[in-house]
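First the proteins, then the strands, lettered A, B, ... as listed; each starts at 1.
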Amino acid sequence: MCEVCGCGDTRRVSIDVHASLLERNDREAAHLREHFVADGVLTLNLMGSPGSGKTALIEATARALAGRWRLAAVSGDLATALDAERLARAGVFALPITTGSACHLDASMVHHALHDEQLQREVERADVFFIENVGNLVCPAIYDLGQASNIVVLSVTEGVDKPLKYPLMFHKADLVVLTKIDLLPHLPGVSLAELRANLTRVTPRAAVLELSSTTASGVTGFVRWLETARGSLHGRHDPIASERP
Amino acid sequence: MHEVSLVHALFDQVDRALVPHPAAAVLQLTVRVGTMAGVECDLFRTAFEVTKSERGYPVADLQLVTSEGLDLILERLELEVRDV
């Protein structure tokens with residue numbers, strides 16, 4: 001005991017914690033997932049590089065499903081509401097999530113966006129709710145957002161090596177959508193066979209689709225995938241298994 | 001750089017773990033990082049060093065242990081506690 005102030009001696013103590021750094025995010029994501037499942041809405045986390053064609057894919061989906069399905073979306077970007085405005089013009093109810101300096105969306109950002117009453121109503125009535133993540137092939141893969149499936153959008157203009165360079169993103173994918181295939185004639189160094197082989201090395205379980213949002217070639221296949229995935233919400237079908245060879 | 005977000009999440013866990021030890025000083029944190037966790041260890045260390053004082057742990061040292069898989073786990077804390 002210290003004779004000056006009466007304080008005790010110090011000692012070193014070790015305590016085991018064993019807690020995930022993502023525990024809070026995962027808890028919030030589980031809460032979101034409960035709501036999405038209860039509402040019967042297929043929620044998809046759409047990830048990919050800036051310019052890979054995430055927004056264009058939602059636009060093409062809206063054109064293909066016009067008058068049949070209701071779509072809702074949030075679009076994550078560091079600045080501007082440009083993507084959400086594009087989607088609104090395509091007939092999709094969409095709100096921006098402006099992240100400032102954050103390079104990814106997390107569950108609390110999606111939760112906060114859903115405090116918007118109109119978005120909440122639209123998501124409850126929607127068939128598909130797209131969470132368009134911030135354009136980035138690294139960070140978004142880490143955070144669960146309560147989605148039913150992860151979709152990674154990869155444009156053929158990005159080259160065939162991206163799956164090998166960013167394995168975590170593709171490892172987490174349930175579906176990989178190869179976009180801008182109308183540009184293949186102008187890309188002599190890009191082989192779809194090589195790209196698919198590289199994908200298989202890092203994500204053997206993911207389905208792979210090829211399409212062009214500009215020409216609509218292949219969009220029907222994506223719509224079929226959505227229909228199957230939506231059916232699986234009600235226990236009818238496994239969307240991933242149905243796409244496996 | 002998502003490592004900054006993860007370091008804040010780490011200190012949130014430390015805050016919770018210290019509730020039974022309010023007067024303790026944190027000397028060392030041991031964190032397990034999986035090779036597929038999407039975390040760059042050097043960036044994580046940098047984020048830790050620039051954040052620890054503002055989060056109230058100025059003398060804390062970070063020990064990173066790597067493992068296979070997706071782990072991002074606060075394993076253990078070394079504390080200095082004062083007997084009263």
Show, in sequence, the C-alpha distance, side-chain angles and deciding distance for A:Thr98 and A:Thr80, and conclude whether the side chain to side chain contact (heavy atoms under 4.5 Å, CB included) test is met. CA-CA 7 Å; A:Thr98 308; A:Thr80 82; over 6 Å; no
Which is it for A:Leu44 and A:Gln147 under the side chain to side chain contact (heavy atoms under 4.5 Å, CB included) test, yes or no, and what are the steps along the way? CA-CA 5 Å; A:Leu44 301 170; A:Gln147 71 279 0; 5.8 Å; no
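Looking at A:Ile142, the atoms closer than 4.5 Å to chain B (heavy atoms on both sides) all sit in the side chain, from C-beta outward. If you measure heavy-atom distances from A:Ala141 to chain B, you find no contacts under 4.5 Å at all. Proximity to chain B (any heavy atom under 4.5 Å) is restricted, for A:Val138, to the side chain, taken from C-beta onward. Using a 4.5 Å cut-off between heavy atoms, A:Tyr166 does not touch chain B at all. Using a 4.5 Å cut-off between heavy atoms, B:His8 makes no contact with chain A at all. Looking at A:Arg12, both its backbone and its side chain come within 4.5 Å of chain B, counting heavy atoms on both sides. In this structure, chain A has no heavy atom under 4.5 Å from any part of B:Ala25. With a 4.5 Å cut-off on non-hydrogen atoms, B:Asp71 does not touch chain A at all.
Tested against A:Asn45 for a side-chain hydrogen bond (donor to acceptor under 3.5 Å, both in side chains), the candidates A:Asn150, A:Asp144, A:Asp174 yield a single pass: A:Asn150. Partner A:His111 forms a side chain to side chain contact (heavy atoms under 4.5 Å, CB included) with one of A:Asp106, A:Leu32, A:Leu145 and no other, that one being A:Leu32.
With hydrogens and angles ignored, the 3.5 Å screen pairs no side-chain donor or acceptor of A:Glu158 with any backbone N or O of A:Ser52. Remark: the backbone N or O of A:Cys103 is paired with a side-chain donor or acceptor of A:Asn136 at under 3.5 angstrom.
Ion pair A:Arg27/A:Glu23 flagged as a salt bridge, since at least one NZ, NE, NH1 or NH2 atom sits closer than 4.0 Å to an Asp/Glu carboxylate oxygen.
The residue among B:His21, B:Glu75, B:Arg32 with the most heavy atom pairs within less than 4.5 Å of chain A is B:Glu75.
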